[in-house]
Undergrad: 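Following this message is one structure expressed as structure tokens.
No experiment lies behind these values; they were computed from the predicted model shown.
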Amino acid sequence: MGMLALNRLMSLQSDRPRRQQGGVSGRRLSASRTGKRKGSPCQQDDDGDDSQSGKIRRTAIKELPEDILFRIHSLMPMREAARAACASHAFLNSWRYHPNLIFDKDTIGFPFLHSWRYHSGKIDCILREHKGSLKTFKLDYAQMNGLDDFSYLDSWLQIALKPGLEELTFMLSASMSQTTGKYNFPCPLSGAKRTYNFPCALLSDRVGNSLRCLRLGLCVLHRIVELGPLRSLTRLYLCHLSITWNELERVLSNSLALELLDLTSCNEIKCLKLSSALQRFKGLHILVCQSLRLIESKAPNLSSLYFRSGCKLDFSLVETWQMKKLYLVQSNVIYDARTKLPPVLPNIETLYIESQREVVDAPMLPTKFLYLKHLTIILRLGPDGSGAYDYFSLVSFLDASPSLETLTLDVTQRRMVHESIFVDSQLRHMPEHHHGHLKSVKISGFSSAKCLIELTCYILKNAVSLECLTLDTICGHRCYDEGGDDWCVPMADPILMETPRTLSAIRTYIENKVPSTVKLTVLEPCNKCHGKRLERLLSLSRNVISI
């Protein structure tokens, strides 16, 4: 529908004089027809006795002041704004001043409907007809699965990058060369491959004082020497970008108001050093930057760090007193978090750690997370993972966190590798250590593993302030979760068959230890998503046993 609206808009702009001539009679005819309907709520009351009859007079769009009309139109999303311009000549004029132009698959359409030259021609026509300055300009070809013509890009940026622009998104589509590691952009017209080098000079020369948010992706950013100060830039997102650390350092040194840096698959960056000049810098997000090995920060107000990669990272967080939130996703991170983080991050309040492999259990240490309130530990064990990880060792985190309020534990497994409580029912015990702030605990992927039962019993005995305990026999979202899919996360057959034994373990070893002040919630596999399959597996198992 977005492409149809834009097509309709282009024809209106070209045929406007002819349509204006025929528009008067059309409106008169419509008014005469409307007048024949008595009591119509849409009736135009032009007789002047609205106030006497008590009716509310409806003002036509064309009668609105121009500034109000422009304001209404500017608040519409681009697709709706284009539709309004198609339906109303009053909006057609304000369309040329619309502050937000967004070109992606939702507004332009899918590539298989038309050629890329057709789409590029439409975008080019809209931009050349546009007057005034923009607040938001978004060109997202990455969502549209390819681009075969870059001849328009420089001219589009010349039009869009004007003083007053606050948000710029420039995402292209590309394929990476296996030999050079650089992103190549095929050009079928010439048979050669080209690389688009983003014109950095336009940023500082034209929007250096107004640009607040910049998203760049799948292009090259090597003309950094042309870049000047970006005085208002607070958020910077770089995705699949060909840029080195020296070039990124130049960008950061020109963006002293920066608050958030988000790097995704910028594989030429080997180290990241944040200087003390970044006084407002608060958040750093890093996703799959394969060459990155070192993060060093002297930014005094860095409070949130998200890092996800399969590589081992050396943290040298020189200034860490303001760090409040930390999200780490890498192998052996549970052990590293317990042994290395407490001295480095003394004021951490939210800790999220996720690992797919742990070689060593969490050790008991005297170091503390004195201010930690929210702890999430996710251990996703694969077939060749860490084997029977001792979940009971996670008590080390509880004892090290006297201010802990919420604990979320996800112990995803593909097969049951732990010893069941029904094999050995002799529970281990830890010295009592009362926790006066822990209120909510949720364990997903719960099973009859003895170490999980021991951990749960320890929490019930020592968390004197506990209010709710949730034991979920599956992991991930469920079909009834708000904002999720209408199906539950699939479960491996061995884990699904473990469910009856898990429920029996909860009834036998946990329910009788739950205080009256604690609400226990046990979530079984969804009958709609897993019921028939579980019944079939259990039936096959009984048949095998009988044979």
Undergrad: Where do P163 and S133 come nearest, in terms of heavy atoms and distance?
TA: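 In terms of heavy atoms, the two residues are closest at O-CB, 3.4 Å.
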
Undergrad: Counting only N and O atoms by type, is there a donor-acceptor contact under 3.5 Å from the side chain of S210 to the main-chain atoms of L165?
TA: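 Yes.
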
Undergrad: Do E467 and S440 have a side chain donor and acceptor closer than 3.5 Å?
TA: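 No, S440 and E467 have no side-chain donor paired with an acceptor closer than 3.5 Å.
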
Undergrad: Quick check: does any side chain N or O of S465 sit under 3.5 Å from a backbone N or O of G436, one acting as donor and the other as acceptor?
TA: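 Answer holds: yes.
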
Undergrad: Between E405 and K439, does any NZ, NE, NH1 or NH2 come within less than 4.0 Å of an OD or OE carboxylate oxygen?
TA: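 Judged by the 4.0 Å cut-off on N to carboxylate O distance, K439 and E405 do not form a salt bridge.
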
Undergrad: Taking all atoms of both residues into account, what is the closest heavy-atom pair of L172 and C219, and its distance?
TA: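 Nearest heavy atoms, L172 then C219: CD1-CB, 4.2 Å.
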
Undergrad: Would you check if there is a donor-acceptor pair between the side chains of S393 and D361 at a distance under 3.5 Å?
TA: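 Per modelled atom types, D361 and S393 side chains form no pair under 3.5 Å.
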
Undergrad: Going by heavy atoms in the side chains, are L168 and V207 under 4.5 Å from each other?
TA: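 Not in contact.
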
Undergrad: In Å, rounded to the nearest 0.5 Å, how long is the span from NZ of K325 to CG of L345?
TA: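 One finds 14.5 Å between NZ of K325 and CG of L345.
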
Undergrad: Ignoring hydrogens, what is the shortest heavy-atom contact between I159 and R128? Give both atom names and the distance.
TA: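 The answer is CD1-CG, 4.0 Å.
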
Undergrad: Taking D140 for its side chain and D104 for its backbone only, find out whether a donor-acceptor pair lies under 3.5 Å.
TA: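 Such a contact is absent between D140 side chain and D104 backbone.
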
Undergrad: Quick one: does S401's side chain have a donor or acceptor within less than 3.5 Å of a partner on L398's backbone?
TA: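 Not at all, since once roles are kept as given, no pair shorter than 3.5 Å links the two residues.
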
Undergrad: To the nearest 0.5 Å, what is the distance between CG on L379 and CG on L394?
TA: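 Here the rounded value is 8.0 Å.
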
Undergrad: With side-chain contact (heavy atoms from CB on, under 4.5 Å) as the criterion, how do F137 and F103 come out once you've worked through the C-alpha distance, each side chain's angles and the decisive distance to 0.1 Å?
TA: CA-CA 8 Å; F137 179 66; F103 302 106; 3.8 Å; yes

Undergrad: Could you go through the side-chain contact (heavy atoms from CB on, under 4.5 Å) check for F198 and I243 one step at a time?
TA: CA-CA 11 Å; F198 189 87; I243 183 173; over 6 Å; no

Undergrad: Could you check if a side-chain atom of I377 sits within less than 4.5 angstrom of a side-chain atom of F397, using non-hydrogen atoms only?
TA: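 Yes, their side chains come closer than 4.5 Å.
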
Undergrad: Could you go through Q158 and S155, starting from their C-alpha distance and side-chain angles, then the distance that decides it, and tell me whether this counts as side-chain hydrogen bond (donor to acceptor under 3.5 Å, both in side chains)?
TA: CA-CA 5 Å; Q158 290 280 350; S155 61; over 6 Å; no

Undergrad: Between the side chain of E358 and the main-chain N/O of I334, is any donor-acceptor distance below 3.5 Å?
TA: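 Yes, because the side chain of E358 sits within donor-acceptor range (under 3.5 Å) of the backbone of I334.
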
Undergrad: Less than 4.0 Å between a side-chain N and a carboxylate O, is that true for E167 and K138?
TA: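 So K138 does not pair with E167 through a salt bridge.
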
Undergrad: Judged by atom type as modelled, is there a donor-acceptor pair below 3.5 Å linking the side chain of S355 to the main-chain atoms of N332?
TA: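 Yes; judged by distance alone, with no hydrogens or angles, the pair exists.
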
Undergrad: Measure the shortest side-chain to side-chain distance between C239 and R215 over non-hydrogen atoms and say whether it is less than 4.5 angstrom.
TA: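 They are not in contact (no side-chain heavy atoms under 4.5 Å apart), so the answer is no.
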
Undergrad: I need the single residue from D336, I348, L328, T367 that forms a side chain to side chain contact (heavy atoms under 4.5 Å, CB included) with L341. Which is it?
TA: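 One option only clears the test, and that one is L328.
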
Undergrad: Do the side chains of L134 and P99 get nearer than 4.5 Å, heavy atoms only?
TA: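 Result no, sub-4.5 Å side-chain heavy-atom pair not found.
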
Undergrad: Please determine whether side-chain hydrogen bond (donor to acceptor under 3.5 Å, both in side chains) holds for the pair S444 and D410, giving the CA-CA distance in whole Å, both sets of side-chain angles, and the decisive distance to 0.1 Å.
TA: CA-CA 5 Å; S444 299; D410 186 335; 5.0 Å; no

Undergrad: Hey, is the main chain of I126 close enough, under 3.5 Å, to the side chain of R96 for a donor-acceptor pair?
TA: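 Checked: no pair found.
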
Undergrad: Any sub-3.5 Å donor-acceptor pair from N301's side-chain atoms to Q279's backbone N or O?
TA: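 Yes; judged by distance alone, with no hydrogens or angles, the pair exists.
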
Undergrad: Between OG of S403 and OH of Y371, what distance do you get to the nearest 0.5 Å?
TA: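 Going from the OG atom of S403 to the OH atom of Y371 covers 8.0 Å.
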
Undergrad: Taking the side chain as everything from C-beta on, heavy atoms only, tell me whether Y196 gets closer than 4.5 Å to D154.
TA: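 In contact.
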
Undergrad: Just how far is it from atom CZ of R280 to atom CG of L256, taken to the nearest 0.5 Å?
TA: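 CG of L256 is found 9.0 Å from CZ of R280.
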
Undergrad: Write out all pairs satisfying salt bridge (Lys or Arg N to Asp or Glu O under 4.0 Å) with one or both partners inside residues 343-354, taking only residues at least two apart or from two chains.
TA: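 Pairs touching residues 343-354 that pass the test: R308-E354, K324-E349, E354-R380.
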
Undergrad: Would you say I269 and L248 make side-chain contact, with heavy atoms under 4.5 Å?
TA: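 Side chain of I269 against side chain of L248, heavy atoms only: contact under 4.5 Å found.
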
Undergrad: Quick check: does any side chain N or O of S232 sit under 3.5 Å from a backbone N or O of N209, one acting as donor and the other as acceptor?
TA: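 Here the side-chain-to-backbone pair exists.
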
Undergrad: Going from NZ on K442 to OG1 on T376, what distance comes out if it is rounded to the nearest 0.5 angstrom?
TA: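 If we round to the nearest 0.5 Å, K442:NZ and T376:OG1 are 10.5 Å apart.
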
Undergrad: Can you confirm whether L258 sits close enough to L260 that some side-chain heavy atom of one is under 4.5 Å from a side-chain heavy atom of the other?
TA: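 No, their side chains stay 4.5 Å or more apart.
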
Undergrad: Run the side-chain contact (heavy atoms from CB on, under 4.5 Å) check on T234 and C213 step by step: do they pass?
TA: CA-CA 6 Å; T234 59; C213 179; 5.8 Å; no

Undergrad: Give a yes or no on whether K162 atom NZ has more than 12 heavy-atom contacts from other residues, nucleotides or ligands under 6.0 Å away.
TA: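 Yes, enclosed.
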
Undergrad: Under 3.5 Å, is there a donor-acceptor pair linking the side chains of H374 and T350?
TA: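 No, T350 and H374 have no side-chain donor paired with an acceptor closer than 3.5 Å.
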
Undergrad: Check whether any side-chain heavy atom of L284 sits under 4.5 Å from a side-chain heavy atom of I295, and report yes or no.
TA: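 In short, these two side chains touch, coming nearer than 4.5 Å.
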
Undergrad: Are Y389 and Y335 an aromatic pair by the rule of ring centers under 6.0 Å?
TA: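 So the answer is no for these two rings.
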
Undergrad: Verify, without hydrogens or angle tests, whether S94 (side chain) and F91 (backbone) share a donor-acceptor contact under 3.5 angstrom.
TA: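 Flag set: sc S94 to bb F91 pair under 3.5 Å.
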
Undergrad: What's the spacing between I286 CD1 and L261 CG if we round to 0.5 Å?
TA: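 These two atoms lie 7.0 Å from each other.
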
Undergrad: Begin with the C-alpha distance, continue with both residues' side-chain angles, and end with the deciding distance and a verdict on side-chain contact (heavy atoms from CB on, under 4.5 Å) for F307 and Q330.
TA: CA-CA 8 Å; F307 178 82; Q330 61 184 49; 3.1 Å; yes

Undergrad: Check P229 against N254 and note the closest heavy-atom contact, atom names and distance.
TA: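 Result for this residue pair: N-OD1, 3.4 Å.
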
Undergrad: Between P363 and T339, which heavy-atom pair has the shortest distance, and what is it?
TA: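 The pair with the smallest heavy-atom distance is CG-CG2, 3.7 Å.
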
Undergrad: Can you tell me if NZ on K135 sees more than 12 non-hydrogen neighbours from other groups inside 6.0 Å?
TA: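 It does not: K135 NZ has 12 such atoms or fewer within range.
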
Undergrad: Please give me the minimum heavy-atom distance between F369 and P402, naming the atom from each residue.
TA: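 Scanning both residues, the minimum pair turns out to be O-CD, 3.7 Å.
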
Undergrad: Using ring pair (Phe, Tyr, Trp, His ring centres under 6.0 Å), reason through H435 and H433 one step at a time and then give a plain yes or no.
TA: CA-CA 6 Å; H435 300 275; H433 188 108; 5.2 Å; yes

